[in-house]
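Chain letters run A, B, ... following the sequence lines, proteins first and then strands; every chain starts at 1.
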There are 2 protein chains.
Amino acid sequence: MSIRLVSWNVNGLRAVSAKPEWRWFAENTCDVIGLQETKAMPEQLRPEVASPAGWEAHWASSVVKKGYSGVAVFSRIKPLAVHCELPQPEWQGEGRILHLEFEKFHFFNGYFPNGGAEELDENGKPIPGRFKRVPYKMGFFDAFTAYAEECRKSKPVVVCGDFNIAHRAIDLARPRQNEKNTGFLPEERAFLDRFTALGYVDTFRHVHGDVEGRYSWWSYKMRAREKNVGWRIDYFFVSEELKPYIRDAWIEDDVYGSDHCPVGLELDI
Amino acid sequence: MSIRLVSWNVNGLRAVSAKPEWRWFAENTCDVIGLQETKAMPEQLRPEVASPAGWEAHWASSVVKKGYSGVAVFSRIKPLAVHCELPQPEWQGEGRILHLEFEKFHFFNGYFPNGGAEELDENGKPIPGRFKRVPYKMGFFDAFTAYAEECRKSKPVVVCGDFNIAHRAIDLARPRQNEKNTGFLPEERAFLDRFTALGYVDTFRHVHGDVEGRYSWWSYKMRAREKNVGWRIDYFFVSEELKPYIRDAWIEDDVYGSDHCPVGLELDI
DNA sequence: CTTTGCAGG
DNA sequence: CCTGTAAAG
């Protein structure tokens, strides 16, 4: 027995679900699908997208700004409980977290904040290395980690989604050029150091070791994807109690339709 | 000897000039082309669009809002003088009028104001028949007429462009349904009554009489164009001194690429 | 570069 | 419905 889970930042579910690439969903044989950046309320989608037969669908949508952020989880397994967003109002409203409690583990689907644009000084010139939303991003990660740790007291944890951080130099094509760009800032990388030190295992690295050139996001600019100038910022982490049960972890970089590709995890269970 | 002039509301010159339909321009054998709703500054266009070889180009662009309104005139004949906008500052800034003085006549290319959306009452409900910009539209027409009459003292006048008014019931497919819609309001139609009473001749009607079903604009909604549910709101008027010289006037309703089609005039001269 | 939102027509 | 804009990624 095994359970297969996949995660995909779709960059607009209305757009993706109108493309031929959306057959990815119909052809998918996994048990749980976490989507990020849905940028839509379910009622804005065709019924077969919002409520596909054979799946239970859950949504967390942005209420602070429409067409922004948003996550969804489709599951063939009925969860014991479902929670939208983090517990504190401070971190609610952008539709970033769905928490499904399954029999054997807590499952989190997260669209973690982007660091945003560089801050501008009084003269309107960008301040190198200072990004508008990095403080919010770091606070969000801390709040998430505290909640995950709390949940982990009852059973193991699986976290997937777009972390908007490449952990190590090996996780992006151009590490040196990006040391002062959000997504690879020292303080962002340090969060993933702390997170993994708590016992959250990067399942792709666990399975594939230090393989190079495997990414999950490519800028739409400069034909980055055809040159594989990418970043690995989409992850499946499991709390280390589940490490013995990791059967496989992968990156579906043959799937197009978004600037991200799906990533997956299979657990023996 | 004759001179041929055409007028086209392109609904975005950047968009049209990227479509195959823009071959209309390259294949055009006329002497003067007036465009409306260019929605662009010439420097935003490819050089062969902004400054086509063999033509003199003139532009009046909106300075109050970018990507809005805007007119252009391409001429194979060098004008004696060129004036942008109406003389009074009150009616300037939206890029609506180009006035080229030729040897035998004053030529005006106009994008006359749209009546806008219905005004809302205190409860946010639309007030039937009350449109936000109809007062501005009527003021603009009066200012234009005064200017044209002033110019007409020195030589005859040719006026083309999008008037955003259907003159008579015969000039739109659904007159009854539109009696309370801007474009066919009594006060708008009354302006064209006054304008023609001053001696400005609707050249299409002069040539074709009361022919029905010939329109120059179709809503993009409801497949109006394939059903020919249109309006004739694009005109060539000439002051009656030129009436003996009208050789032809036409509507190029086989030209696609905009919600309007071109209209044309040939004068013996 | 791409997806959203929105104004304007 | 289509063209522009802007914000966000």
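- Among residues two or more places apart in sequence or in another chain, the ring pair (Phe, Tyr, Trp, His ring centres under 6.0 Å) test is passed with B/Trp59 by B/Phe74.
- A donor-acceptor pair shorter than 3.5 Å can be found between the side chains of A/Tyr147 and A/His99.
- Residue B/Phe131 is out of contact with every strand shown, counting any heavy-atom pair closer than 4.0 Å.
- Atoms NZ (B/Lys65) and C1' (C/dG9) sit 11 Å apart, rounded to a whole Å.
- In this structure, CG of A/Asn114 is placed 16 Å from P of D/dA7, rounded to the nearest angstrom.
- Here the C1' atom of nucleotide D/dG9 and the CH2 atom of A/Trp231 are 12 Å apart, to the nearest Å.
- The distance from atom CD of B/Glu94 to atom C1' of C/dA7 is 14 Å, rounded to the nearest whole Å.
- Remark: B/Phe131 CZ to B/Asn181 CG distance equals 5.0 Å, nearest 0.5 Å.
- The ring pair (Phe, Tyr, Trp, His ring centres under 6.0 Å) search around B/Phe236 returns none, not counting sequence neighbours.
- Counting to the nearest Å, the P atom of C/dG9 and the CD atom of B/Glu118 are 15 Å from each other.
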List, with names and distances, any nitrogen or oxygen atoms from the protein found under 3.5 Å away from nitrogen or oxygen atoms belonging to nucleotides 1-5 of chain C.
residue	atom	partner	partner atom	Å
C/dC1	O4'	A/Tyr220	O	3.4
C/dT3	OP1	A/Lys19	NZ	3.1
C/dT4	OP1	A/Arg14	N	3.3
C/dT4	OP1	A/Ala15	N	2.7
C/dT4	O3'	A/Arg14	NH2	3.2
C/dG5	OP1	A/Arg14	NH2	3.0
C/dG5	OP2	A/Arg14	NH1	3.3

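- Ring planes of A/Phe195 and A/Tyr200: parallel class, angle under 30° (limits at 30 and 60°).
- Side-chain contact of B/Trp217 with B/Asp259: a donor-acceptor pair under 3.5 Å is present, judged by distance alone.
- If you measure from atom CH2 of B/Trp218 to atom C1' of D/dC2, you get 16 Å, rounded to the nearest angstrom.
- Taking atom NZ of A/Lys132 as the reference point, atom C1' of D/dG9 lies 12 Å away to the nearest angstrom.
- Summarising the geometry, the separation between CG on B/Asp259 and C1' on D/dT3 is reported as 9 Å, rounded to the nearest angstrom.
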